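To start, the structure itself, in structure tokens.
Note that the coordinates shown come from a computational prediction; the quantities given were computed from them, not determined experimentally. Heavy atoms only: backbone and side chains are in, while hydrogens, waters and symmetry mates are out.
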Amino acid sequence: MSTQTSKKLGILGVSLIFFDAFLSVLLAIGTLLSSEWSIPTSYGIIRIIGIIIILIAIHNLANVYQSKDIFTNARWGVLAIIGTITGFISGPIITHTTLNAMQQLIALYIPTLIMGVFFIIAAFFVERSLNEIAEHSGISDFETAGKWLFIGAILTLILFGTIIMGIAFLILITAFSKLKNPKLTPTTNTTENSTLPQTTPTPTTNTQTKAYCAYCGNPILPENVYCPHCGQHT
């Protein structure tokens, strides 16, 4: 796969995470307004799919840039999946109890706290992976996204990190959109050619030789239209 494949996968993965976050916001608003309001939600399934797709994109970039550190750090992003599963299990249980809306919101903070711990650890390693990608690709947006992602993961513990992480993912989409295939530097044989012995043409002893090439200085015959040595027009 090429960097263009990683570009498409990265944008798709982040977009899925945004969509899942949108459903989560609807759920929170619905819970706050009315416990009977039915809100469509994926309970993190779409987010998990998005994370997996992003990890595939990063794994491909690790192969493109031939850097094991890129994916070695990024694979710790599976901890974010574990944290999401925590919300997947606890979310439906809490939102379908007899607690009132405010009590449910308070109860929802418990899995949010657990998810936050997993997100912090995952974001720490993902930031290191994005820094590696930024170094190899020359796209500083990857480094910026990793920094904001880590800060957002920390702030998730106090319920403000979601906005910061949203900003980080927006920057990450921009970074993926800037990916280009690495330019291959063509190999030249100038060094090899310079080591070859240079042969000096031996002047012909033909008595008809009466002129010399104006370009290379070798003897030529009067009837020569092109120099037999350098090929220039005489």
Note: A153 and I120 closest approach over all heavy atoms is O-CG1, 3.4 Å

Going through the distances and angles, do N131 and F142 end up as a side chain to side chain contact (heavy atoms under 4.5 Å, CB included)? CA-CA 6 Å; N131 288 343; F142 281 107; over 6 Å; no

Please report the interatomic distance CG(L179) to CG(L9), rounded to the nearest 0.5 Å. 11.0 Å

Closest approach of G77 to A122 (non-hydrogen atoms, all atoms of both residues): CA-CB, 4.1 Å

Distance-only, no hydrogens or angles: does the N73 side chain make a donor-acceptor pair with backbone N or O of D69 under 3.5 Å? yes

Assess the side chains of N60 and S6: does a donor N or O sit below 3.5 Å from an acceptor N or O? yes

Worked verdict on L55 versus R75 for side chain to side chain contact (heavy atoms under 4.5 Å, CB included): CA-CA 7 Å; L55 289 177; R75 65 185 178 184; 5.8 Å; no

Considering only heavy atoms from C-beta outward, does the side chain of I164 approach that of L149 to under 4.5 Å? no

Nearest 0.5 Å please: distance from the CD atom of E132 over to the CD atom of E143. 10.5 Å

Any chance you could measure I51, atom CD1, to I56, atom CD1, to the nearest 0.5 Å? 12.5 Å

Spell out, yes or no, whether F71 and I54 are grouped together once hydrophobic residues are joined by side-chain heavy atoms under 4.5 Å, including indirect joins. no

Output yes when a side-chain donor or acceptor of S129 lies under 3.5 Å from a complementary backbone atom of F125, and no otherwise. no

On a heavy-atom basis, which atom in I70 and which in I58 lie closest, and how many Å separate them? CG2-CG2, 3.5 Å

Can you tell me how far apart CD (E127) and CD1 (I151) are? Round to the nearest 0.5 Å. 8.0 Å

Under a 4.5 Å cut-off applied to non-hydrogen side-chain atoms, are D141 and F176 in contact? no

Quick one: do Y65 and T3 satisfy side chain to side chain contact (heavy atoms under 4.5 Å, CB included)? Show the steps, please. CA-CA 9 Å; Y65 297 125; T3 54; 4.2 Å; yes

Rounded to the nearest 0.5 angstrom, the CD1-CZ distance for I49 and F19 is 11.0 Å

Please round to the nearest 0.5 Å and tell me the distance separating atom NE2 of H136 and atom CG of L61. 10.5 Å

Can you check whether I139 reaches I133 side chain to side chain, under 4.5 Å on heavy atoms? no

V126 vs F150, side chain to side chain contact (heavy atoms under 4.5 Å, CB included): CA-CA, chis, key distance, verdict: CA-CA 8 Å; V126 170; F150 181 59; over 6 Å; no

Is there a side-chain contact between L79 and F119, using heavy atoms and a 4.5 Å cut-off? no

Flag the pair W148 / T144 as yes when at least one side-chain heavy-atom distance between them is below 4.5 Å, and no otherwise. yes

